[in-house]
*Asks:* 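Here it is: the structure, laid out below.
Source: prediction; values computed, not measured.
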Amino acid sequence: MLDIKLIRENPELIRESMHKRQMDPSQVDEVLRLDEKRRALILDVEVKRSERNSVSKEISRMKDPDERNIKIEAMRLLGDEISALDEKLRAAEQALTAAVAVIPNIPDDDVPIGVDDKDNIVIRQVGTPRSFDFEVKPHWDLGTALGIIDFEGGVKLSGSRFYVLSGVGARLQRALISWMLDQHIRQGYLEKYTPWMVHAEVLFGAGQLPKFEENLYHDHLEDFWMVPTAEVPLTGLHMGEILDESELPINYTAYTACFRREKMSAGRDVRGIKRGHQFDKVEMYKFCLPAQSKDEHQKMIADAEQTCAELGLTYRVLLQSTGDLSFGAHKTYDIEVWAPGCQEWLEVSSISNIGDFQARRANIKYRPADGGKPEFVHTLNGSGLGLPRTLIAVLENYQQADGSVVIPEVLKPFMGGIEVIRA
RNA sequence: GGAGGGAUGGCCGAGUGGUUCAAGGCGCCUGUCUUGAAAACAGGUGUGGGGCAACCCACCGUGGGUUCGAAUCCCACUCCUUCCGCCA
């Protein structure tokens with residue numbers, strides 16, 4: 001959420017940022033109108049409240065019952081006015097919050113202007129795609145032949161876009177999760193195991209609600225929402241808190257399943273395990289001082305890259321254009337790994353500097369060491385990494401002519417002696 | 001699921017309708033004193049909003065209600081806790 005004062009004082013900046021994102025900026029005018037309405041009501045009601053407070057004090061000191069009753073009657077009427085104004089004010093505030101809540105974050109100045117993900121810029125590529133002297137198989141063929149991915153089982157249980165990992169396949173994913181978490185702990189993150197269902201308030205704080213309600217699963221009897229990413233509970237951990245400057249930066253890592261409704265067009269990304277309603281992910285998250293966020297962003301990218309590199313995957317880093325930049329992000333890099341079987345670059349990580357956008361929504365501040373007023377922290381999040389696509393890349397890159405798959409060196413300690421996956 | 005107890009400022013804790021709309025203590029900051037520190041003493045010390053400012057308004061778990069006036073009374077809810085029951 002943007003600062004209403006910033007919008008009030010610098011509406012042109014916001015309009016421009018919405019233009020960059022290919023959005024209609026008329027929402028800014030709506031916000032300004034609602035803000036003015038709200039402030040007028042505040043002025044009105046507070047003058048009346050102030051009067052009631054002082055007269056009520058007078059009443060408590062009055063001895064003459066007649067005079068007293070006259071005042072009480074007057075205050076009764078004033079009270080009715082205040083109630084009516086209060087109701088209007090509450091409605092005005094709700095309308096304003098709702099209007100501000102759908103304005104996206106301001107992109108950083110060096111985010112390239114673009115229409116969609118085709119305008120993202122490749123910053124660097126590390127490694128070269130492995131060359132094969134046999135016919136490369138996509139993971140859906142490999143996985144089925146090896147008996148480690150069971151697509152029919154997934155359909156039987158939950159329909160399309162669900163799958164079952166079996167035997168060494170399930171174990172390989174578990175190995176990846178454990179290894180990645182250990183990796184992030186070494187990189188200085190504190191591991192958290194959080195609830196995978198949270199209250200609506202937490203989703204609002206993380207910026208998912210109200211705008212992305214249609215992409216979320218939730219319990220219809222109680223206020224429980226399935227997390228679409230660990231970013232949500234990790235943000236929520238410090239909701240409404242004032243942190244000490246000396247605690248920052250705070251680095252968290254967490255493994256969760258992620259649940260997303262995804263209005264996927266039929267026929268797109270249907271094969272394999274690339275895109276589903278439920279997938280696992282290891283997440284990295286930071287709370288830091290505003291002045292630290294640029295550096296922390298680069299560190300987080302390096303942390304994710306290290307994960308790709310140690311797995312021996314060929315990857316590239318892209319800077320998202322304004323057309324692809326997500327609603328709450330100030331600046332985002334994607335990491336894509338090469339999958340020789342599908343013949344495509346797969347996005348395994350999206351690493352964003354959110355600035356104070358999320359902190360303002362979730363009300364997370366820090367108290368400066370010099371004793372100044374509390375300020376909003378900056379937050380950053382990044383996948384480290386998304387499991388299904390990492391699994392795809394590992395299977396497809398480590399396949400051999402006979403259809404077997406070699407386990408990457410770093411995962412061997414987690415595989416109980418298994419070095420090659422065979423049918 | 002049943003019965004009881006509880007929720008107050010960074011922390012502890014007083015406060016059952018107004019004459020200080022948060023006492024007192026701890027912690028923290030500043031000053032005095034001191035060679036320095038401690039102690040003692042004095043003052044200060046929450047968050048948000050509105051206003052150019054003086055200043056004003058709101059907030060005692062959350063949401064309603066009663067009242068001229070609510071931390072205080074009423075209703076509902078949430079969370080914590082004790083005991084009982086059930087349970088992986």
Side-chain angles (χ1 to χ4, degrees), chain A residues 1-10 31-101 193-205 209 218-225 233 236-248 250 356-377:
Chain A
M1 184 145 60
L2 293 176
D3 186 357
I4 179 62
K5 283 181 187 158
L6 177 69
I7 302 175
R8 189 191 299 152
E9 284 158 20
N10 210 340
V31 166
L32 292 175
R33 190 182 67 77
L34 290 167
D35 178 47
E36 225 161 285
K37 188 176 166 192
R38 164 177 155 273
R39 284 188 296 156
L41 282 167
I42 286 174
L43 210 60
D44 198 0
V45 76
E46 288 195 351
V47 166
K48 290 189 161 70
R49 244 196 254 279
S50 178
E51 190 190 344
R52 179 171 69 179
N53 286 348
S54 60
V55 174
S56 287
K57 258 179 217 164
E58 276 177 47
I59 290 173
S60 71
R61 290 189 292 263
M62 289 171 84
K63 296 279 182 276
D64 182 335
D66 289 341
E67 265 183 57
R68 199 181 147 99
N69 285 336
I70 289 168
K71 290 282 191 194
I72 287 177
E73 184 52 34
M75 286 308 102
R76 202 197 311 273
L77 294 175
L78 188 61
D80 291 343
E81 285 177 46
I82 290 171
S83 299
L85 281 171
D86 260 342
E87 210 158 301
K88 277 192 198 170
L89 178 59
R90 200 178 319 149
E93 277 176 344
Q94 270 173 15
L96 178 63
T97 304
V100 175
Y193 172 82
T194 70
W196 294 4
M197 298 189 289
V198 298
H199 289 151
E201 179 196 6
V202 180
L203 285 149
F204 180 87
L209 284 176
H218 66 103
D219 179 81
H220 70 287
L221 293 176
E222 291 179 85
D223 182 25
F224 288 133
W225 299 67
L237 277 176
H238 291 295
M239 222 164 44
E241 292 184 10
I242 300 175
L243 304 164
D244 221 61
E245 176 170 343
S246 61
E247 300 174 68
L248 301 174
I250 292 172
D356 65 4
F357 192 82
Q358 215 166 35
R360 181 170 282 110
R361 284 174 95 101
N363 192 23
I364 304 169
K365 299 186 172 182
Y366 72 96
R367 193 179 300 283
D370 65 12
K373 282 260 170 207
E375 304 280 350
F376 290 109
V377 299

*Asks:* Mind calculating the distance between CD (A/Glu36) and C1' (B/G51) to the nearest angstrom?
*Replies:*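 Checked: the CD to C1' distance equals 15 Å.
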
*Asks:* Tell me: CD1 of A/Ile42 to P of B/G48, nearest whole Å?
*Replies:*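 Distance check: A/Ile42 CD1 to B/G48 P gives 15 Å.
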
*Asks:* Heavy atoms only, 4.0 Å cut-off, all strands: where does A/Lys48 land among base, sugar-phosphate and nothing?
*Replies:*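 No contact.
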
*Asks:* Would you measure the distance from the P atom in B/U8 across to the matching atom in B/G13 and give it in whole Å?
*Replies:*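 9 Å, rounded to whole Å.
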
*Asks:* When the P atoms of B/U78 and B/C29 are compared, how many Å lie between them, rounded to an integer?
*Replies:*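 Rounded to whole Å, the distance is 42 Å.
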
*Asks:* Taking atom P in both B/U81 and B/U72, compute the distance separating them and give it to the nearest angstrom.
*Replies:*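 Those two atoms are separated by 25 Å.
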
*Asks:* Counting only side-chain N and O atoms of A/Asn53, is one of them less than 4.0 Å from OP1 or OP2 of B/C68?
*Replies:*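 Answer no for this pair, as no side-chain N or O of A/Asn53 is under 4.0 Å from OP1 or OP2.
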
*Asks:* Quote, to the nearest angstrom, the P distance that separates B/G9 from B/U47.
*Replies:*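 Pairwise P distance, B/G9 against B/U47, rounds to 14 Å.
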
*Asks:* Expressed as a whole number of Å, how far does the P atom of B/A71 sit from that of B/C57?
*Replies:*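 B/A71 and B/C57 have their P atoms separated by 14 Å.
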
*Asks:* Given side chains that start at C-beta, do those of A/Trp225 and A/Met197 come closer than 4.5 Å, heavy atoms only?
*Replies:*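 In short, these two side chains do not touch, never coming nearer than 4.5 Å.
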
*Asks:* Could you check whether A/Arg8 gets within reach of a base, just the sugar-phosphate, or nothing at all, counting any heavy atom under 4.0 Å?
*Replies:*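 It contacts sugar-phosphate atoms only.
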
*Asks:* B/A7 and B/C56: how far apart are their C1' atoms, nearest whole angstrom?
*Replies:*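 Pairwise C1' distance, B/A7 against B/C56, rounds to 30 Å.
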
*Asks:* For a stem of at least 3 consecutive Watson-Crick or G-U pairs with distances under 3.5 Å, i pairing with j, i+1 with j-1 and so on, which stems involve RNA chain B?
*Replies:*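 Stems (3+ consecutive pairs) listed as B:1-7 with B:78-84, B:10-12 with B:24-26, B:27-32 with B:40-45, B:46-50 with B:55-59, B:61-65 with B:73-77.
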
*Asks:* Name the nucleic acid region contacted by A/Ile59, choosing base, sugar-phosphate or nothing; use a 4.0 angstrom heavy-atom cut-off, strictly under.
*Replies:*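 A/Ile59: base contact, heavy atoms under 4.0 Å.
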
*Asks:* Is any NZ, NE, NH1 or NH2 atom of the basic residue among A/Arg76 and A/Asp80 found under 4.0 Å from an Asp or Glu carboxylate oxygen of the other?
*Replies:*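 Looking at A/Arg76 and A/Asp80, the cut-off is not met.
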
*Asks:* For the side chain of A/Glu46 and the base of B/G49, is some donor closer than 3.5 Å to an acceptor across the two?
*Replies:*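 Checked by distance alone, the answer is yes.
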
*Asks:* Taking the C1' atom in each of B/G36 and B/G27, what is the distance between them to the nearest angstrom?
*Replies:*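 These two C1' atoms come out 23 Å apart once rounded.
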
*Asks:* Roughly how many Å apart are B/C33 and B/U20, using the P atom of each and rounding to a whole number?
*Replies:*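 B/U20 and B/C33 have their P atoms separated by 36 Å.
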
*Asks:* Using side-chain contact (heavy atoms from CB on, under 4.5 Å), reason through A/Glu375 and A/Lys365 one step at a time and then give a plain yes or no.
*Replies:* CA-CA 5 Å; A/Glu375 304 280 350; A/Lys365 299 186 172 182; 6.0 Å; no

*Asks:* Atom CD1 of A/Ile72 to atom P of B/U67: distance rounded to whole Å?
*Replies:*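 Going from CD1 in A/Ile72 over to P in B/U67 covers 12 Å.
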
*Asks:* Suppose we call a contact any N or O donor and acceptor under 3.5 Å apart; does that hold for the side chain of A/Arg68 and the base of B/G18?
*Replies:*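 Checked by distance alone, the answer is yes.
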
*Asks:* If you assign each of A/Ser50 and A/Asp3 to its closest nucleotide in RNA chain B, which residue comes earlier from the 5' end?
*Replies:*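 So the residue in question is A/Asp3.
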
*Asks:* Tell me: NZ of A/Lys57 to P of B/G18, nearest whole Å?
*Replies:*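 The answer, rounded to whole Å, is 13 Å.
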
